[in-house]
Amino acid sequence: MNRVLSCIQPTGDVHLGNFLGALRQWVSGQQDCDGFYGIVDLHALTVTERPGVIGQATMQLAAVLFAVGLNPQVSTVFVQSHVPEHSQLAWIMECNVSFGELSRMTQFKDKSAKRDGEFISAGLFTYPALMAADILLYDAHDVPVGDDQRQHIEITRDIAMRFNARYGDTFVVPNAVMPKTGARVMDLQDPRSKMSKSATTDSGLVYLLDEPEAILKKFKRAVTDSETEVRFDRENKPGISNLLEIHAAATGQTPSAVAERYSQYGPLKADTGEAVIELLRPIQARYAELMSDRGELSSLLRLGAVKARGVAAATLQRAYDSVGFLTS
Ligand code: TYM
């Protein structure tokens, strides 16, 4: 069966971009693959300095993942720091990627620019090596992600091919898989920037757990343009196109088909807000139930870690054997 791996960081609250770009694909594809889905807390450490924050965020994110529909009987949901092989393989990845390659990563450039004047850890720079380890440990063929991860999957492929060429065939070379609509959800207040947990204000971000009134308000205030024509044109009409794409993703249509039904911005904004509220309503109800039993969540994560380690330990050993480390 097709092996699938993807991960999400426990930093900030999950937003509509995460859901439409990634989580929804994880859920819809889970029956047809052998899926591993990680909460990557080690990655979160690159931008989190306060103690105690990551553990709490990890628990909430686990509840979100089960609330959106990951089924623990079918999919393996695990926490990255519970599977030590991730850090172990990451070192080998670091030794198979160059300083120049890491320097070209746009996410590093963006994130370090946003932290100007603050502490910029070496971990933020070597982040793609840990991400490559996350993927290659599971022999993943497909990696369902949003468009912003495209470059990270490319560098993972490059690392896998380089390692295989140097040490012999060891890793599966993975492919990025993106949804038809929702691969790049933009900020409602700044539709030329992607919706991101690291945005300076959250008025343009729709969180999965936002109250319905807050969601509607954010859509009604979405930045558009001074024209009046509703048409899908990302380049010239980024605000309207983002609304059309969100509406389409929430209702299973194409953005152009949605555009045909509207001649004014106001109704498009309100209906998109309503469509998102309906999409999120059942998720919010399940989240509340799941968070009321943290013992159960912890035990699901423990089971996930055991399954993940089974696969990860075998791959790490294979990599050690390929390198030819002296056996202990
Ligand atoms: P993260 O935690 O930022 O985001 C999780 C997933 O959400 C997608 N996403 C979006 N999709 C559409 N529109 C947006 N505005 C938007 N914002 C985020 C991301 O593409 C991602 O799929 N580096 C990764 C985490 C990671 C990972 C991995 C992913 C670590 N190891 C291995 C896949 C495989 C990240 O920071 O995602």
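If you read the sequence from its start, that first residue is 1, and numbering goes on from there. Both ligands and their constituent atoms are indexed starting at 1 by order of listing.
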Quiz item: Going by atom types alone, do Asp187 and Ser193 pair a side-chain donor with an acceptor below 3.5 Å?
Solution: no
Exercise. Just let me know how Cys7 lines up against ligand 1, side chain, backbone, both or neither, with a heavy-atom cut-off below 4.0 Å.
Key: both
Exercise. Please identify which atoms of ligand 1 are closer than 4.0 Å to at least one heavy atom of Val40.
Key: 30 (C)
Practice problem: Please report the shortest heavy-atom distance between Leu188 and Lys218, naming the atom on each side. | Solution: CD1-O, 3.7 Å
Quiz prompt | Pair Gln151-Thr106, side-chain donor/acceptor within less than 3.5 Å | solution = yes
Quiz item: Under a 4.0 Å heavy-atom limit, does Ile135 contact ligand 1 with its side chain, its backbone, both, or neither?
Solution: side chain
Practice problem: For atom 10 (C) of ligand 1, state which one of Ala133, Gly17, Pro179, Ala44 supplies the nearest heavy atom. | Solution: Gly17
Exercise. Using a 4.5 Å cut-off on heavy atoms from C-beta on, say whether the side chain of Lys237 contacts that of Leu244.
Key: no
Quiz item: Taking all atoms of both residues into account, what is the closest heavy-atom pair of Val177 and Gln25, and its distance?
Solution: O-NE2, 3.3 Å
Quiz item: Taking atom types as modelled and ignoring hydrogens, do the side chains of Asn175 and Arg157 form a donor-acceptor contact shorter than 3.5 angstrom?
Solution: yes
Exercise. Could you tell me whether ligand 1 has any atom less than 4.0 Å away from a heavy atom of Phe19?
Key: no
Quiz item: Can you list the atoms of ligand 1 that are under 4.0 Å from a heavy atom of Arg184?
Solution: 12 (C), 13 (N)
Quiz item: What part of Met186, side chain, backbone, both or neither, has a heavy atom within less than 4.0 angstrom of ligand 1?
Solution: neither
Self-check item: Nearest non-hydrogen partners of Asn71 and Gln30, listed with the distance
Solution: N-OE1, 3.0 Å
Quiz item: Taking non-hydrogen atoms only, is Gln107 closer than 4.0 angstrom to ligand 1 via side chain, backbone, both or neither?
Solution: neither
Quiz item: At a non-hydrogen distance cut-off of under 4.0 Å, which region of Val143 contacts ligand 1 (side chain, backbone, both, or neither)?
Solution: side chain
Quiz item: What do we get for Val145 next to ligand 1 when only non-hydrogen atoms under 4.0 Å count, side chain, backbone, both or neither?
Solution: both
Quiz item: For the residue pair Phe108 and Phe125, does the interplanar ring angle fall in the parallel (under 30°), tilted (30 to 60°) or perpendicular (over 60°) class?
Solution: perpendicular
Quiz item: Side chain, backbone, both or neither: which part of Ser196 has a heavy atom under 4.0 Å from ligand 1?
Solution: neither
Practice problem: Pick whichever of His86, His43, Gln149 has a heavy atom sitting closest to atom 37 (O) of ligand 1. | Solution: Gln149
Quiz item: How does Val185 reach ligand 1, if at all, at less than 4.0 Å between non-hydrogen atoms: by side chain, backbone, both, or neither?
Solution: both
Quiz item: Ser6 to ligand 1: N or O pair under 3.5 Å?
Solution: no
Quiz item: Nearest protein heavy atom to atom 9 (N) of ligand 1, by residue and atom, and its distance?
Solution: Asn18 ND2, 3.7 Å
